[in-house]
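Below is one structure; the comments refer to it alone.
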Amino acid sequence: MIRSLAALALLCAAGCSSIGAFDALVPKDAGGGLVARDQAFAPGARGKLDVYAPRGAQAGAKLPVIVFFYGGSWNTGRKDDYGFAGQAIASRGFVTVLPDYRLVQEAPYPAFLQDGAAAVRWVRANAARFGGDPDRIVLAGHSAGAYNAAMLSLDPRWLAGDRAAVKGFIGIAGPYSFLPLDTQVTRNTFGQVADLASTQPVNFASRDDPPAMLMSAGKDNLVFAHNGISLSRRLSAEGVPVETRVYDNLGHVGIISALSTLFRGKAPVLKDLTDFARKVTAKS
């Protein structure tokens with residue numbers, strides 16, 4: 001096992017081509033665990049989510065909830081490969097929900113946002129069964145998942161009456177301001193949208209938005225730092241509390257793998273994430 005983890009560490013340092021292999025091999029946090037798998041929140045194979053909870057959490061405990069959306073350029077990814085993240089966050093005292101969502105090759109934009117909104121509605125209706133508080137939710141995500149979480153948090157089209165329950169947004173290396181569409185990924189995902197301005201999280205910043213934490217990787221060569229800078233400035237101009245973190249020694253993959261026990265010593269990503277979530281969900 002030690003030799004396998006060492007080889008995996010080298011693989012992830014080079015780009016981590018298999019997050020599933022990483023999740024299978026990396027040791028998990030003991031303070032939280034999977035309590036419900038493949039809960040249906042929408043029709044279809046990808047309309048399912050997993051729930052992680054702190055060890056010993058009981059129904060009605062009213063713990064804060066983090067809904068975490070994984071990345072993958074909107075064309076890859078599955079919740080089953082992010083148990084390390086779900087278990088890590090749950091071990092810090094949060095009921096943690098990892099939804100799947102339809103990928104663009106199956107259903108074009110805005111299907112993945114519709115699925116994200118449906119997942120949040122499911123959380124509102126079911127969180128209490130797993131010890132979660134349906135009125136204290138933080139939306140978080142990495143890369144494309146950070147985009148999803150941002151749009152659900154900032155654009156009032158998606159959550160309607162459930163938006164008041166969102167107490168915070170955490171974006172990890174997310175794209176929030178990326179016009180013109182100058183990559184194959186963004187063209188494939190958003191190129192058919194007539195009103196491209198409506199796809200940009202930065203354009204929905206308003207004083208009604210929840211507090212935000214924007215986390216960036218200093219060595220990120222995929223999602224560049226201007227995304228977080230643009231959104232931070234726009235939210236701040238609207239009077240929304242914003243915290244920023246830049247981890248100079250991490251890249252695009254390193255910032256998410258730092259949630260794991262194997263790479264946690266590289267940067268306090270998990271601590272910063274959960275400290276912020278705890279603060280914005282604190283009961284007054």
Side-chain angles (χ1 to χ4, degrees), residues 66-71 73-74 101 109-110 112-114 116-117 120 136-183 185-187 189-191 193-248 250 252 255-256 269 272-273 275-277 279-281:
I66 294 180
V67 182
F68 184 86
F69 298 95
Y70 55 78
S73 301
W74 301 284
Y101 50 89
Y109 172 92
F112 49 80
L113 294 178
Q114 293 167 342
V120 174
R136 293 192 296 148
I137 298 171
V138 173
L139 303 185
H142 170 246
S143 193
Y147 171 91
N148 296 357
M151 287 293 280
L152 295 175
S153 300
L154 307 181
D155 180 352
R157 289 178 294 176
W158 303 112
L159 293 182
D162 294 309
R163 193 165 178 244
V166 177
K167 304 304 182 185
F169 154 63
I170 301 170
I172 305 173
Y176 316 115
S177 178
F178 49 88
L179 294 182
L181 304 180
D182 57 3
T183 69
V185 168
T186 56
R187 287 192 292 268
T189 306
F190 303 102
V193 181
D195 180 11
L196 284 174
S198 70
T199 67
Q200 302 296 291
V202 71
N203 290 336
F204 294 97
S206 77
R207 63 182 180 179
D208 298 324
D209 295 333
M213 171 174 274
L214 301 175
M215 311 168 97
S216 301
K219 296 182 178 180
D220 195 337
N221 294 318
L222 184 61
V223 178
F224 296 107
H226 74 80
N227 284 274
I229 292 169
S230 296
L231 183 55
S232 178
R233 287 175 176 169
R234 192 70 64 87
L235 289 170
S236 295
E238 294 290 337
V240 178
V242 185
E243 297 184 24
T244 60
R245 299 287 187 276
V246 179
Y247 308 100
D248 291 331
L250 299 180
H252 190 73
I255 197 170
I256 184 65
V269 178
D272 291 346
L273 183 155
D275 283 354
F276 175 81
K279 178 170 63 177
V280 297
T281 58

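When a residue number appears, it is its place in the shown sequence, counting from 1.
- Annotation: side chain to side chain contact (heavy atoms under 4.5 Å, CB included) contacts of Ala197 (sequence neighbours excluded): Asp195, Asn203.
- Looking at residues two or more places apart in sequence or on another chain, you find no salt bridge (charged side-chain N to carboxylate O under 4.0 Å, His left out) involving Asp208.
- At least one side-chain heavy atom of Leu273 sits less than 4.5 Å from a side-chain heavy atom of Ile66.
- Partners of Val240 by side chain to side chain contact (heavy atoms under 4.5 Å, CB included), not counting sequence neighbours, listed by chain and number: Asp209, Leu235, Glu238.
- Taking the side-chain hydrogen bond (donor to acceptor under 3.5 Å, both in side chains) definition, one finds that Ser73 meets it with nothing, sequence neighbours left out.
- For the side-chain hydrogen bond (donor to acceptor under 3.5 Å, both in side chains) test, residues two or more places apart in sequence or in another chain that qualify with Thr183 are Thr186.
- For the pair Leu154 and Leu231, the minimum side-chain heavy-atom distance is below 4.5 Å.
- You'll find the side chain of Leu159 reaches within 4.5 Å of the side chain of Leu139, heavy atoms only.
- Pairs passing the side chain to side chain donor-acceptor pair (under 3.5 Å) check and including a residue from residues 139-162, sequence neighbours excluded, read Trp74-Asn148, Arg124-Asp162, Ser143-His252, Asp155-Arg157, Asp155-Trp158.
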Query - Stepwise side-chain contact (heavy atoms from CB on, under 4.5 Å) test for Thr199 and Thr189 - result: CA-CA 10 Å; Thr199 67; Thr189 306; over 6 Å; no
Below 3.5 Å, can you tabulate the donor-acceptor pairs from side chains in residues 165-177 to any protein atom, sequence neighbours excluded?
from, atom 1, to, atom 2, distance (Å)
Lys167, NZ, Ala164, O, 3.1
Tyr176, OH, Gly174, N, 3.4

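- Here the closest non-hydrogen pair linking Gly141 and Ala149 is N-CB, 4.2 Å.
- With hydrogens and angles ignored, the 3.5 Å screen pairs no side-chain donor or acceptor of Asp275 with any backbone N or O of Asp272.
- Tyr70 meets the ring-ring contact (aromatic ring centres under 6.0 Å, His included) test with Tyr82, Tyr101; sequence neighbours excluded.
- In this view, Lys219 satisfies the salt bridge (charged side-chain N to carboxylate O under 4.0 Å, His left out) rule with no residue, not counting sequence neighbours.
- Residues passing the side-chain hydrogen bond (donor to acceptor under 3.5 Å, both in side chains) test with Gln200, sequence neighbours excluded: none.
- Not a single donor-acceptor pair under 3.5 Å links the side chain of Arg207 to the backbone N or O of Gly239.
- Residues meeting the ring-ring contact (aromatic ring centres under 6.0 Å, His included) test with Tyr109, sequence neighbours left out: Phe112, Phe190.
- Among all heavy-atom pairs drawn from Ser232 and Thr244, the shortest one is OG-CG2, 3.6 Å.
- Atoms CD1 and OG, on Ile229 and Ser216 in that order, are 7.5 Å from each other to the nearest 0.5 Å.
- Heavy atoms only, all atoms of each residue included: Val193 and Ser198 are closest at CG1-OG, 4.3 Å.
- Taken from OH in Tyr247 to CG in Asp220, the straight-line distance is 13.5 Å, to the nearest 0.5 Å.
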